[in-house]
Amino acid sequence: MKRSIQRPTPGSLTFFSSSMASPKKKLQGLVAATITPMTEHGEINFSVIGQYVDYLVEEQGVKNIFVNGTTGEGLSLSVSERRQVAEAWVAKGRNKLDQVVIHVGALSLKDSQELAQHAAEIGADGIAVIAPFFLKPWNKDALINFLKEVAAAAPTLPFYYYHIPALTGVKIRAEELLDGIQDKIPTFQGLKFSDTDLLDFGQCVDQNRQQQFAFLFGVDEQLLSALVMGATGAVVPITTWEKRQTRCWRLSNERTSLQP
Ligand SMILES: CC(=O)N[C@@H]([C@@H](O)[C@H](O)[C@H](O)CO)[C@@H](O)CC(=O)C(=O)O
């Protein structure tokens, strides 16, 4: 079923799905950063995603997920694989999960737009985007322009900026980025903050109290501090699934084999 979600307005607490006529809650609490299960041959193991959903919901009580992010190694997958993984999570999570947010960031704007549009088509509940990290945006406006173009490809979906400067190398402070962001990206709904700069995080929260954004923290070691400062949730890997199921294992294995 295709959903159309009303654009958020500053101060609104919820999105409403017009076709379902039920309020869609703000993304908050624990959000599971899902791994991408792999077979021993390094192919995606779609067959266990249904069990993974059940594990999260029934054993961990977690009903929101963040797919194809860092933990899911989205940037190590092909676009085709990312589409299939997103589809699998949305399909297996139907009527079980509350929200499925798909990370659609990519170096190529076109790939990112394709993934954003695809997320909307399959009925995901939101998209998140990191800063491009090879040829990098040189200032706030360049980064906003990139994010805006991606968000525009999925104009019905809540949009989250995924701030992870240690991995992207893009050091633009999140607080600076958030200043006036809904004027540029009307679907902007929150920040996934994966950095240890708590001053920046605190300023993001303080300066946007009127906006009711989701402030999702992504550094487990500082989560308690972030909650005190106003984090509304956290994106964390919640899994007993063996890391060796993931491509991370395959990559590190390859790296090992390259060493003399
Ligand atoms: C870079 C990374 O993997 N960060 C983790 C943290 O939970 C992280 O593992 C933890 O803080 C340990 O350093 C989460 O934020 C994962 C995450 O949000 C993602 O997979 O996108």
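This is a predicted model, so every value here is computed, not measured. Index from 1, following the sequence. As the structure lists them, so they are numbered: ligands from 1, and atoms in each ligand from 1.
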Just to check, does Lys192 reach to within less than 4.0 Å of ligand 1 when the distance is taken from its heavy atoms? yes
Ala33 heavy atoms, cut-off 4.0 Å: which ligand 1 atoms fall inside? 16 (C), 17 (C), 19 (C), 20 (O)
Okay, side chain of Asn68, backbone of Arg82: is any donor-acceptor separation there less than 3.5 Å? yes
For Thr71, the ligand 1 atoms whose distance to one of its heavy atoms is below 4.0 Å: 16 (C), 17 (C), 19 (C), 20 (O)
Only heavy atoms of Pro237, strictly under 4.0 Å: list the atoms of ligand 1 that pass. 7 (O), 14 (C)
As an exercise, identify every atom of ligand 1 less than 4.0 angstrom from a heavy atom of Phe66. 21 (O)
Tell me yes or no: between the side chains of Tyr55 and Gln60, is some donor less than 3.5 Å from an acceptor? yes
Numbered in order shown, the ligand 1 atoms found under 4.0 Å of a heavy atom of Val235 are 14 (C), 15 (O), 18 (O)
N/O donor-acceptor pair under 3.5 Å between Asn64 side chain and Gln99 backbone: yes
Side-chain (His103) to main-chain (Gly105) donor-acceptor, under 3.5 angstrom: yes
Protein contact to atom 7 (O) of ligand 1 [nearest heavy atom, distance to 0.1 Å]: Asp220 OD1, 2.7 Å
Answer with yes or no after comparing the ring centroid distance for Phe201 and Phe217 against a 6.0 Å cut-off, counting only values under it. yes
State yes or no: do Leu135 and Phe133 share one hydrophobic cluster built from I, L, V, M, F, W and Y residues joined by side-chain heavy-atom distances below 4.5 Å, directly or via other members? yes
Suppose I only count heavy atoms of Tyr162 and a 4.0 Å limit; which atoms of ligand 1 are within that range? 17 (C), 18 (O), 19 (C), 21 (O)
Tell me yes or no: between the side chains of Tyr162 and Thr168, is some donor less than 3.5 Å from an acceptor? no
Donor + acceptor pair across side chains of Tyr160, Lys192 (<3.5 Å): no
Select the closest option to atom 4 (N) of ligand 1 among Gly218, Ala234, Ala32, judged by heavy-atom distance. Gly218
Out of all atoms in ligand 1, which are within 4.0 Å of some heavy atom of Val219? Include the element for each. 11 (O)
Between the candidates Thr70, Ile238, Ile164, which shows the shortest non-hydrogen contact distance to atom 19 (C) of ligand 1? Thr70
State the atoms of ligand 1, each with its element, that fall below the 4.0 Å cut-off from a heavy-atom position in Glu221. 10 (C), 11 (O), 12 (C), 13 (O)
